[in-house]
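Below, all heavy atoms of this structure are taken into account, side chains as well, without hydrogens, waters or symmetry copies. Protein chains get the first letters and strands the later ones, always in sequence-line order, with residue 1 at the start of each.
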Amino acid sequence: MVTPAASYSRQDARPDAADLLVWYDRHRRVLPWRALPGEVPDPYRVWLSEIMLQQTTVTAVKPYFARFLERFPDVAALAAAPEEAVMSAWAGLGYYSRARNLHACARSVAAAGGFPDTVEGLRKLPGIGAYTAGAIAAIAFDRPAAAVDGNVERVVSRLFAVDQPLPAARPALRVLAESLVPQKRPGDFAQAVMDLGATLCTSKRPACALCPWMAPCQARKEGTQETYPRKLKKESGALRRGAAFVVERAGDGAVLLRTRPPTGLLGAMAEPPTSEWRADYDPAQALLDAPLDARWKRLPGTVRHVFTHFPLELTVFQARVAADTAPPEGMRFTPPAGLADEPLPGAMKKVLAHALERKLALPPAPTPDPEPDLATPPPAEQKARRAPIPKVLSRRPVAAAPPRKVQPRKI
DNA sequence: GAGGCGTGGTG
DNA sequence: TCACCAAGCCT
């Protein structure tokens, strides 16, 4: 039987890039790193924002992006900066290998005299994978490349009702995404798909009625849009415990810190000394792991923190030592004024806040604290109250980003 | 391919 | 409270 031409409805059409671009021209988001219509994108800003946005929300990135531009206005400035300054500026944003790779990438790009303008060239740089290479090539250099991130995977899996679960479906989703990229305005198209995924084609309760691709969307047709993308769920890791040791030096109140190994969990970040973190760690034995001899006081409550692959519970021990105490090998005393420049990850800021909060909450007591009884847990063994991070640990205010400069396109 | 690798917001 | 999510990369 021959299908009558009249039965070809809008619903059978493939998704058309032009329809999405019409929507984008009207509804595009205004973002600090995004060039306005008519402006030429700055590859440095595009690259910096794409790295920061990996697995990170726009809201979280904005203040970091502004501060990075202020401290490192271009790739040469970033390349010339000491590693510690970059790690410190990144502290709190998470996934710290991104910061290490960012710095290495900046040095490579500065030495080469500029960013490569092809997917293949970009893909070779540290911290730039398939998604980011496509995004920079498309957005900064208007190359017809697909930028397949979580948003695009969601949009495409719904458009074509891809039943294969992630991550196995990734190659197929990429092929489908690449088939949609237009030769005209590929950079706008890449940003348009991401805007669509971020504002309409959301994970929960997508706003299909407003979507420029509602008609050709297979999942919408079936009413199953919220079930895509299909994915296998992974189980979370087991709880690990440990002890953290907060040492304050008499006189200036400096805190004992050390730097973690350069790679792995919280690599190259700062921390107060801690024990190992293990599922079977016993806080009652913690003083065997203390960094120095002192009158240790076990603080009530614990500090909890959830990493990607396991939750952590730290028992905090606190001690005051004499002003002339030397730091143990590989450690340092950092005075309060210097804490803001230490690359302290969130988990470790919680530890310091837990110790300082309790100390600050107490009136200056002329009588010494009672000797702690380490055999039995303190009475208040409930979870620690949620308290704001003390000002000394929080980031300093950031000035508004300078107005965007229109830069000549690099060929 | 699977697992390591942070953090803050949200329903 | 807690599971899930957010512009992934590397080994």
Span that lies between the P atom of C/dA7 and that of B/dG11, in whole angstrom: 15 Å
Euclidean distance, atom CZ of residue A/Arg154 to atom P of C/dC4 [Å, nearest integer]: 16 Å
Whole angstrom value for the distance that separates C1' of C/dA7 from OH of A/Tyr64: 17 Å
Using atom names, set out every protein N or O paired with an N or O of nucleotides 9-11 of chain B below 3.5 Å, distance rounded to 0.1 Å.
none

Side chain to side chain contact (heavy atoms under 4.5 Å, CB included) against A/Ala209, all qualifying residues, sequence neighbours excluded: none
Whole-angstrom distance between C/dT1 and B/dG8, as gauged at atom C1': 16 Å
OP1 or OP2 of C/dC9 under 4.0 Å from side-chain N/O of A/Thr132: yes
Nearest to side-chain heavy atoms of A/Asn151, which nucleotide of B/dA2, B/dG6, C/dA7: C/dA7
Atom-to-atom span, CD1 of A/Ile51 to P of B/dT7 - whole angstrom: 18 Å
Distance in angstrom units between A/Leu125 CG and C/dG8 C1', rounded: 16 Å
Of all pairs that satisfy ring pair (Phe, Tyr, Trp, His ring centres under 6.0 Å), the ones with a partner from residues 196-221 of chain A, not counting sequence neighbours: none
Under 3.5 Å donor-acceptor pair, A/Ser97 side-chain atoms to B/dG4 base atoms: no
Sugar-phosphate, base or nothing in reach of A/Val306, heavy atoms under 4.0 Å: base
Protein-nucleotide distance (A/Lys349, atom NZ; B/dG8, atom C1'), rounded to Å: 13 Å
Spatial distance of atom CZ (A/Arg241) from atom CZ (A/Arg278) [nearest 0.5 Å]: 11.5 Å
OP1 or OP2 of C/dG8 under 4.0 Å from side-chain N/O of A/Gln55: yes
Value in whole Å for how far the P atom of C/dC5 lies from CZ of A/Arg205: 17 Å
Gap between atom CH2 of A/Trp23 and atom CZ of A/Arg26 - 0.5 Å precision: 12.0 Å
Between B/dG1 and C/dC10 - C1' atom distance, rounded Å: 13 Å
All salt bridge (charged side-chain N to carboxylate O under 4.0 Å, His left out) counterparts of A/Asp188, not counting sequence neighbours: A/Arg185
5' priority, DNA chain B, between A/His305 and A/Pro171 [closest heavy atom]: A/Pro171
By side chain to side chain contact (heavy atoms under 4.5 Å, CB included) - contacts of A/Arg230 (at least two apart): A/Asp163, A/Pro165, A/Thr227, A/Tyr228
Distance between C1' atoms of B/dG6 and C/dC5 (Å, rounded): 13 Å
Out of B/dT7, C/dA6, C/dG8, whichever nucleotide has its closest atom nearest the side chain of A/Tyr95: C/dG8
Sugar-phosphate, base or nothing in reach of A/Ala147, heavy atoms under 4.0 Å: nothing
Given C/dC9, C/dA7, C/dC5, the nucleotide with the shortest approach to the side chain of A/Arg29: C/dA7
For atom CD1 of A/Ile139 and atom C1' of C/dA7, their distance in whole Å: 8 Å
Gap separating the CG atom of A/Asp149 from the CG atom of A/Leu53, nearest 0.5 angstrom: 9.5 Å
Spacing of A/Met52 atom CE relative to C/dA7 atom P, expressed in whole Å: 17 Å
Partners passing ring-ring contact (aromatic ring centres under 6.0 Å, His included) against A/His309 (at least two apart in sequence or in another chain): none
Proximal nucleotide (of B/dC5, C/dC5, C/dC9) relative to the A/Ser203 side chain: C/dC5
Residue A/Ala198, side-chain heavy atoms: nucleotide from B/dG6, C/dA7, B/dA2 that is nearest: C/dA7
Selected nucleotide, minimal atom distance to A/Thr56 side chain, candidates C/dA6, B/dG6, C/dA7: B/dG6
Check: A/Phe65 ring centre within less than 6.0 Å of A/Phe68 ring centre: no
5' priority, DNA chain C, between A/Gly127 and A/Leu53 [closest heavy atom]: A/Leu53
side-chain N/O A/His309 vs B/dC5 OP1/OP2, d < 4.0 Å: yes
Sugar-phosphate only, base, or nothing, as touched by A/Ala168 at under 4.0 Å among non-hydrogen atoms: nothing
